[in-house]
Structures are given as C-alpha cells and as structure tokens.
Amino acid sequence: MKSQFEVFLRLKPSNNQSQNAMQYQIYQNKKLQVLLPKHVKFGMINNSRDNLDFNFTHVFDQKSSQEHVFTNVTTPVINSFLDGYNATIFAYGQTGSGKTYTMSGAETWQLRGIIPRALSYIFDEIDKRTKFEYKIYISFMEIYNENAYDLLEKRHLETPLEQWNKIALFEDDQNNIHLKNLSIHQCNNEQEGIDLLMMGNFIRQVSSTPMNQSSSRSHCIFTVTLEGCDTTSETCFVSKLHLVDLAGSERISKSQVEGNLLNEAKYINLSLTYLEQVIIALNERMKGANRQHIPYRNSLMTTLLKDSLGGNCKTVMIATISSENDNIEESLSTLRFSQRVGQLENEIRRNEKVDLEAVVKRLEQEKLALIRELEQYQRGGTSTSSNKKIQQQQQQNLLPQSSGIPISQKEIQEKVELYLNERIPLLDVKSIEETQKCFEAMKDLYNTRMKEYVTELTFISEKLQKYDEILTRKKEQSSFLEQKENSSPEIEVYRRNESPQIQFKKRPNQ
Ligand code: ADP
Ligand code: MG
C-alpha cells in the first residue's frame, strides 16, 4: 500500500513586535504564502517574486493548541501504528522554533506535547481493542556528534557523557538494523511510559557538559514498540512508532560558533545535510531517475531512520518556524525542505507474521480429529472400494487435470500466503494440477517458516542461557554483599518533580 508523506507546518507565536513580524497569509489551513521582505528578495535568484507559496497537509497558526495539533497530526498515525504499521513523526526546524514544545511539551500537563499524549492515546485504545493482546516497549536515545546514547540507562546519571556506552549498529543479511547498548523497557500503562520519557529527559539534562549545553545540538528518538497478538487467530504483529525531535536546522554560517561548538555544529549540520541528501535522492528516484543508491549510511541518524525515510513506514513531518522576519532565511529553508519531503511516498505493509507454534498446535488437533473421523468411517463400513472409485470419478469430472490457463509459481505462492494469513477464506483452484502446485507451495512455505522459527528459538535459548549465567553470577555476588530487601524499582527513582526540563503536574482526575 502506498503512503504519501504528510507534512504539517506549525508557526510559533511571535514576540509581539509587529514591525519585525513575518508577513504571511494562510489559505484554507493548507497553504502558507510568505510575503518576502526586500533583503530576501535580492538574495534570491528570481528577485522579481514578492511572495512564495508552500503547501501542507495542514498549517497550524500561532494560536493552535497542543491538543489541536495532536488530534490532527497524531491520531491517524497512531491508529495505523496500532493496526500494525510502522510510523514516524519527526519535528524539523531551527533552534527555538518549537520542535521540543511540539514533541515533548512544556511544563504543565495541559501543555504536554505529542509524546505524552501519544502514550495516553495508545493505552486508551488498546484497552478498547479486546480482540488483541498487546505488549508495549519503550526505548529512548540521543544522537550527539554522530554517536548514539541510551537515555534510559540509569548508570548514565552518575557518569559524564564521555564515559557512556555508545549504541552500536549492526546490519544483518536482510539489511535490518540491530542496536546494541540500547535498553528496551516494557511498559504497562501510561504513567510508566511518561515516567520513562521524563527519566530520559532528565538524563539528557544531567548529561549536559560544556560541550553539550543545549539540547538543540542533538537528535532524540523516542520509540514505542507494539506487539499485538490476535486472540482469535494465529497472527501476531510488531510495529514501531518513532517520535523524533531533530537538532536545530540552522546553517553553520549563522550559528557563529568556535572550537568544540564548531565541531558540534559541523556534525549537526552534516547529519541534517545528509538527511536532505537522502530526501533529494529519494525524490529523484520517485521521479523516475535511475537512483539505486540512497546515501542512508552517511550519517547515524539517516541510517537509524532508513525505514522511516524510504521504507516500510508511514511518515509525518512537522515543520516548525518562527514568525519573525529576523529568521526568515531559516524559515524559508525549512519551508523548502518540507516541500521536498511532502512529495515522497513509502510502500507500507502490515508487519504480520503467523504464530507458528499456534499453527502447529491447530494442525495437530485437526489431524487427530481427522484420524478419529476416518476410524469411525471405516468402522461404519460405509466406504467400499467401488464407492471410492465413483467418488474419484466424480471429483475428476468436477476438476479437470489442467485448466489450460497457465498460472505462475509466483501467483500460486501469493495465493497460498494470502490463504495462510487468513486474508482469503478459501483457496480457489481450477484444476488438479493447480491443487498440486498449491500443496507444493504450502510445503515450501512451511519448511522456510519452520527454519526461521528454529533459528529464532535457538537465538532465544542462547539469550536465556546468557541470562541464566548472569543470574547465577548475580546470585553468587549477592551472597557476599548485604542487600536491602524490597529496594524500589528503577523507574520510581526518577520522580517527576526531579526533572528540571519537563514537570508535568499530576493528571487531573477525569
Ligand atoms: P526547539 O526545540 O525548536 O529548539 P523549543 O520547543 O524549545 O524550540 O521552543 C523554544 C521556546 O518557545 C520554548 O520556551 C517553548 O516553550 C516556546 N514555544 C515554542 N513553540 C511554542 C508554541 N507553539 N506556543 C507557545 N510557546 C512555544
Ligand atoms: Mg529542542
């Protein structure tokens, strides 16, 4: 299924200096027309233009509330995430234009942003969808100077950023990316999710070294992973929701930085430049150019967001701009970038897989039932060899040996896959030959999946063995150490009011 990228625009409220305000018009909440000030007009190639138009899925004006933004941007994205599709929402704009305000929010519960609202929405929705059993996992990372760090690692509270373990990336044979040194936390309710968000933001704050004074220099990725199993069939799915707060998009010339800061600015601008290059390459490919290579691997951020940018993911961008003329060049750059992103589309599919264990169990039960039926049938003596012959003849009359219409192996495979995934209720076959081919395809598929399953099981059992070893080691150590009983769980260490960045008040009772 094709999924067009959606691009939203949010204008940050201005500082009320009308002489410095950007001149613009919004048409039908979808088009922004910027009236160019003189100095910008001269800087442009075609200086005869007085204004520029930019189109969006929706333009949020300066008065738009957090709730309004959430409802319009996020609700459809999260619904598709809950249905089993990967999704990404990323905020792009210069420092101070409202990316963090939009994604995480401000101090009060009322001003909370997309991430906490998404958590509430997800848990409310899964409570309603009783046909599925869900598990939710959260991870939170920061990319800073081309290194990625875990923001949910408790030990990072006591050590400076320089000593943190970096997240390592591995790519497997199927080009799937795996991450090492990134913790994943199972999350049972909204409050646990918000605690994790706050813990991450808090760790990000305390990690601030002179080199990392401002969060504007790093990218943040908050990832929710959803595992859903249909309780009435044997299908499960896993989907991922990335909520991304990118570093400030301002150009290096304007940031006027030196030394280490210059180094940082270089990295930030480089990764955003690489993001732009990926978008350009994808655009060219969409327009029919022969572009096999998309430069995802040039930066960590584009590697991590490879699927979001050009793969199996429903992707949404929120461009944030300030409403002052001082920032017009940066705003125009954000607006132009957003137009390129808006032209892209991804091919998305549900990340569904059959629960093989359940299938085997069902087939075994069916086999037993059939054996029993056969025994009963034979005992009853209703089946004589002459009867059988007649039945065979009748079947041959109904189904010809060959339908005369050639059907490819690929078509057969697709049909069988659809049938096994319960997308079609019956396997429609036109001939005995086709029936035989279907059986062959089923056998192949069964063998492949069994192999995958065995590999997965081996992997899990190796992991379990490792855990066992760690556990045994831990037990041995603890017999030497005096430990307090009932120590409080990890997350609870970080109570909300300890976070200097975002301090949500308790959610009012509804
Ligand atoms: P960024 O993350 O893009 O650098 P921030 O989100 O930190 O920018 O925003 C800078 C400041 O502007 C913050 O104090 C934030 O609360 C405020 N702000 C941003 N957007 C809005 C908005 N739409 N409404 C009210 N205040 C906003
Ligand atoms: Mg920010």
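What you see below is based on every heavy atom in this structure, not just the backbone, and it leaves out hydrogens, waters and symmetry mates. Note that the numbering runs from 1 along the sequence shown for the chain. Counting starts at 1 for both ligands and their atoms, in listed order.
- Metal site remark for the Mg ion (ligand 2): T95 contributes no N, O or S atom at a distance under 2.8 Å.
- Applying the side chain to side chain donor-acceptor pair (under 3.5 Å) test to N79 and every residue at least two apart in sequence or in another chain returns Y121.
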Decide salt bridge (charged side-chain N to carboxylate O under 4.0 Å, His left out) for E171 and R297; before the verdict, give the C-alpha distance in whole Å, the side-chain angles of both, and the deciding distance to 0.1 Å. CA-CA 11 Å; E171 209 166 332; R297 280 161 158 272; 2.4 Å; yes

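- Electrostatic pairing of E462 and K466 does not count as a salt bridge here, judged by no charged N lying under 4.0 Å from a carboxylate O.
- Applying ring-ring contact (aromatic ring centres under 6.0 Å, His included) to F237 and the options F132, Y85, F81 leaves one that passes, F132.
- Residues D83 and R350 are not paired through a salt bridge, judged by the lack of any N-O separation under 4.0 Å between the basic side chain and the carboxylate.
- For the pair E125 and K128, the salt-bridge criterion is met [side-chain N within less than 4.0 Å of a carboxylate O].
- If you look at ligand 1, the protein residues with a non-hydrogen atom under 4.0 Å away are R10, K12, P13, Q94, T95, G96, S97, G98, K99, T100, Y101.
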